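In this text the structure is predicted, and so the values were computed from the model without any measurement. One is the number of the first residue; the rest follow in order along the sequence.
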Amino acid sequence: MSKRDYYEVLGVSKDASKDEIKKAYRKLARKYHPDVSEEENATDKFKEAKEAYETLGDEQKRAQYDQFGHAGPQGQGFGGFGGGEDFGGFGDIFDMFFGGGGRRRDPNAPRKGADLQYTMTLDFEEAIFGKETDIQIPKEEECETCDGSGAKPGTSPETCSHCNGQGQVNQEQNTPFGRVVNRRVCHHCQGSGKIVKEKCGTCGGDGRVTKRKKIHVNIPAGIDEGQQIRVPGQGEAGANGGPAGDLFVVIRVKPHEFFERDGDHIFCELPVTFAQAALGDELEVPTVHGKVKLKVPSGTQTGKTFRLKGKGAPNVRGYGQGDQHVQIRVVTPQNLTDRQMELLREFNEISGNDATDEQHGSFFQKMKRAFKGD
């Protein structure tokens, strides 16, 4: 059976914001959770919504899904978030129904807020040297109008009469083994233990509002593609006085037109003329730290690599400095003048037509033997 499109499952458009995706999932989770819903196929619908949110709620997985669909890159499907981290609020939903470790806890107990993820794109040099910057992110915060209660100012949430504020109710069930008591989430208060009859006009009874907040971020020197920075306490606000979640800044680095990076080392190609390679020269080589002098000895062949010690990237954990590796590329001249062609012919006559110097002799001897074998 083919899977439904994740956007269709959550009932959102393909350009929906992260906040819209989160709200859509919460609505479906409350509606179809097996401990709450009495609808047919509720368990399957809950699992389908959860799977859709685990992909669309994560920026990287969403981008992969938009490009590759359900198969994922290289035929790999989409899984959960991994690492036990709750990005985009899935932890809120899980705690709402199960509490910690699969056991229901006090619905009014403090809960840590959800972690957030922000992708930052840096220039090549910014990743090498680091920077301090401010970013703005949308995040849920406690509603100032109702102080997070969700109730209209002047009123207060009432204790749920169905569960007496416990957030869960007991349901007795007769089985072949006797009477069994199951504890289920109260569907009248969705496990909060409280009922808001007169809702706050600012937050609509949620107790939270989404705001754009400016956050100062320190990017350490030497950070690389795919690494992330944890900013403690800058995730979403906690519930019932719980601590805020954390913000994770994921780094993307723009490619450079001249340099390439591998770990702490930087690589580049340096084009030289035939004359420079043959006669030797002292050249200026660009590095991220400025220009340096490089002596190219006579007879240098294309592909020869020189190391500029300490001219790479600093280690992001403070373990020294990388090097820059410069690979020589001998450029064959084009559009020669008559005089240049005349001189090259003369050089060729003087040198002979076969490249039989000591450096290349063994190679050409092997090539000649190969032709003789034909």
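For the 3.5 Å distance criterion, the side chains of E59 and Y118 fail to qualify, holding no donor opposite an acceptor.
For the pair K311/V285, no side-chain contact is recorded, criterion being any heavy-atom separation below 4.5 Å from C-beta on. Residues C163 and Q168 are not in side-chain contact: their nearest non-hydrogen atoms beyond the backbone lie 4.5 Å or more apart. Using a 4.5 Å heavy-atom cutoff, the side chains of V330 and V272 are in contact. With contacts defined as side-chain heavy-atom distances shorter than 4.5 Å, the pair K61/E54 does not qualify. Between K47 and E51, every side-chain heavy-atom pair lies at or beyond the 4.5 Å cut-off. By the 4.5 Å heavy-atom criterion applied to side chains, K211 and V209 are counted as neighbours. Taking 4.5 Å as the limit, some side-chain heavy atom of C268 sits within range of a side-chain heavy atom of Q324. Contact of the K45 side chain with the L28 side chain is not registered, since no non-hydrogen atoms from C-beta on lie closer than 4.5 Å.
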Go through the steps for R208 and E141 under the test salt bridge (charged side-chain N to carboxylate O under 4.0 Å, His left out), then give the verdict. CA-CA 5 Å; R208 299 185 179 200; E141 294 186 343; over 6 Å; no
Are L283 and Q276 close enough, and set up right, to give a side chain to side chain contact (heavy atoms under 4.5 Å, CB included), and what steps lead you there? CA-CA 9 Å; L283 305 174; Q276 288 174 315; 3.3 Å; yes
Pair Y65-D5, side chain to side chain contact (heavy atoms under 4.5 Å, CB included): steps then yes or no: CA-CA 10 Å; Y65 176 75; D5 179 76; 2.9 Å; yes
Let's go through R317 and D264 carefully: what are the C-alpha distance in whole Å and the side-chain angles of both, what is the deciding distance for salt bridge (charged side-chain N to carboxylate O under 4.0 Å, His left out) to 0.1 Å, and is it a yes or a no? CA-CA 11 Å; R317 295 178 177 84; D264 297 336; over 6 Å; no
Show, in sequence, the C-alpha distance, side-chain angles and deciding distance for I215 and I137, and conclude whether the side chain to side chain contact (heavy atoms under 4.5 Å, CB included) test is met. CA-CA 8 Å; I215 298 174; I137 62 169; 3.5 Å; yes
Going through the distances and angles, do E158 and K197 end up as a salt bridge (charged side-chain N to carboxylate O under 4.0 Å, His left out)? CA-CA 8 Å; E158 299 179 4; K197 290 188 174 181; 3.4 Å; yes
Given the rule in the side chain to side chain donor-acceptor pair (under 3.5 Å) test, do S149 and D147 qualify, once you have shown the distances and angles that lead to the verdict? CA-CA 6 Å; S149 70; D147 294 327; over 6 Å; no
Carefully, step by step, assess Q340 and N335 under the rule side chain to side chain contact (heavy atoms under 4.5 Å, CB included). CA-CA 10 Å; Q340 288 172 326; N335 302 320; over 6 Å; no
Apply side chain to side chain donor-acceptor pair (under 3.5 Å) to D15 and Y7, showing your working. CA-CA 10 Å; D15 58 354; Y7 292 99; over 6 Å; no
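With respect to the salt-bridge test (charged N to carboxylate O, under 4.0 angstrom), the residues R26 and E140 qualify. Note on K309 versus D323: no salt bridge recorded, every NZ/NE/NH1/NH2 to OD/OE distance being 4.0 Å or above.
At a threshold of 4.5 Å between side-chain heavy atoms, the hydrophobic network of Ile, Leu, Val, Met, Phe, Trp and Tyr places V169 and I195 in two separate groups. V288 and F258 end up in the same hydrophobic cluster when Ile, Leu, Val, Met, Phe, Trp and Tyr side chains are linked at under 4.5 Å. V250 and V253 fall into different hydrophobic clusters, defined by Ile, Leu, Val, Met, Phe, Trp and Tyr side-chain heavy atoms under 4.5 Å apart, directly or through other members. Under the 4.5 Å side-chain heavy-atom criterion for ILVMFWY residues, a single connected hydrophobic cluster contains both V292 and L270. Hydrophobic cluster membership is shared by I229 and I135, with clusters built from Ile, Leu, Val, Met, Phe, Trp and Tyr side chains linked at under 4.5 angstrom.
Taking a 6.0 Å sphere around CD of E260, one finds it holds 12 or fewer heavy atoms contributed by other residues, nucleotides or ligands. Applying the 6.0 Å contact sphere to CG of D338 captures no more than 12 heavy atoms from other residues, nucleotides or ligands.
A pairwise comparison of heavy atoms in L116 and Q234 identifies CD1-O, 4.2 Å as the closest pair. For the residue pair C146 and C203, the shortest heavy atom distance occurs at SG-SG, 3.7 Å. In terms of heavy-atom proximity, F347 sits nearest to F274 at CE2-CZ, 4.1 Å. The two residues G57 and I21 come nearest to each other via the heavy atoms N-CG2, 4.4 Å. Across all non-hydrogen atoms, the minimal contact from R230 to P232 is O-CD, 3.4 Å. The two atoms that bring I223 and R261 nearest to each other are O-NH1, 2.9 Å, heavy atoms only.
Looking only at distances, a side-chain donor or acceptor of K139 sits under 3.5 Å from a matching main-chain atom of G235. Side-chain atoms of D115 never come within 3.5 Å of backbone atoms of L247 as a donor-acceptor pair (strictly under, hydrogens ignored). For the pair R212 (side chain) and Q136 (backbone), a donor-acceptor distance under 3.5 Å is present.
In this structure, CG on L336 lies 9.5 Å from CZ on R345, to the nearest 0.5 angstrom. Note: N41 CG to Y32 OH = 10.0 Å, rounded to the nearest 0.5 Å. Of the inter-residue distances, the one linking E144 atom CD with T202 atom OG1 reads 9.5 Å to the nearest 0.5 angstrom. Here D19 contributes atom CG and E236 contributes atom CD; the two are 8.0 Å apart, rounded to the nearest 0.5 Å. Once rounded to the nearest 0.5 Å, the distance linking CE of M120 with CD of Q228 reads 13.0 Å. Distance check: Y53 OH to K22 NZ gives 5.5 Å after rounding to the nearest 0.5 Å.
Of the candidates K131, K254, R252, K131 is the only one forming a salt bridge (Lys or Arg N to Asp or Glu O under 4.0 Å) with E126.
Classified by interplanar angle (parallel below 30°, tilted 30° to 60°, perpendicular above 60°), the ring pair F129/H289 is perpendicular. Classification of the H325-F267 ring pair by plane angle, with boundaries at 30° and 60°, yields parallel. Ring geometry for F259 versus F124: interplanar angle under 30°, hence parallel rather than tilted (30 to 60°).
Geometrically, K304 engages F306 in a cation-pi contact defined by less than 6.0 Å to the ring centre and at most 45° from the axis.
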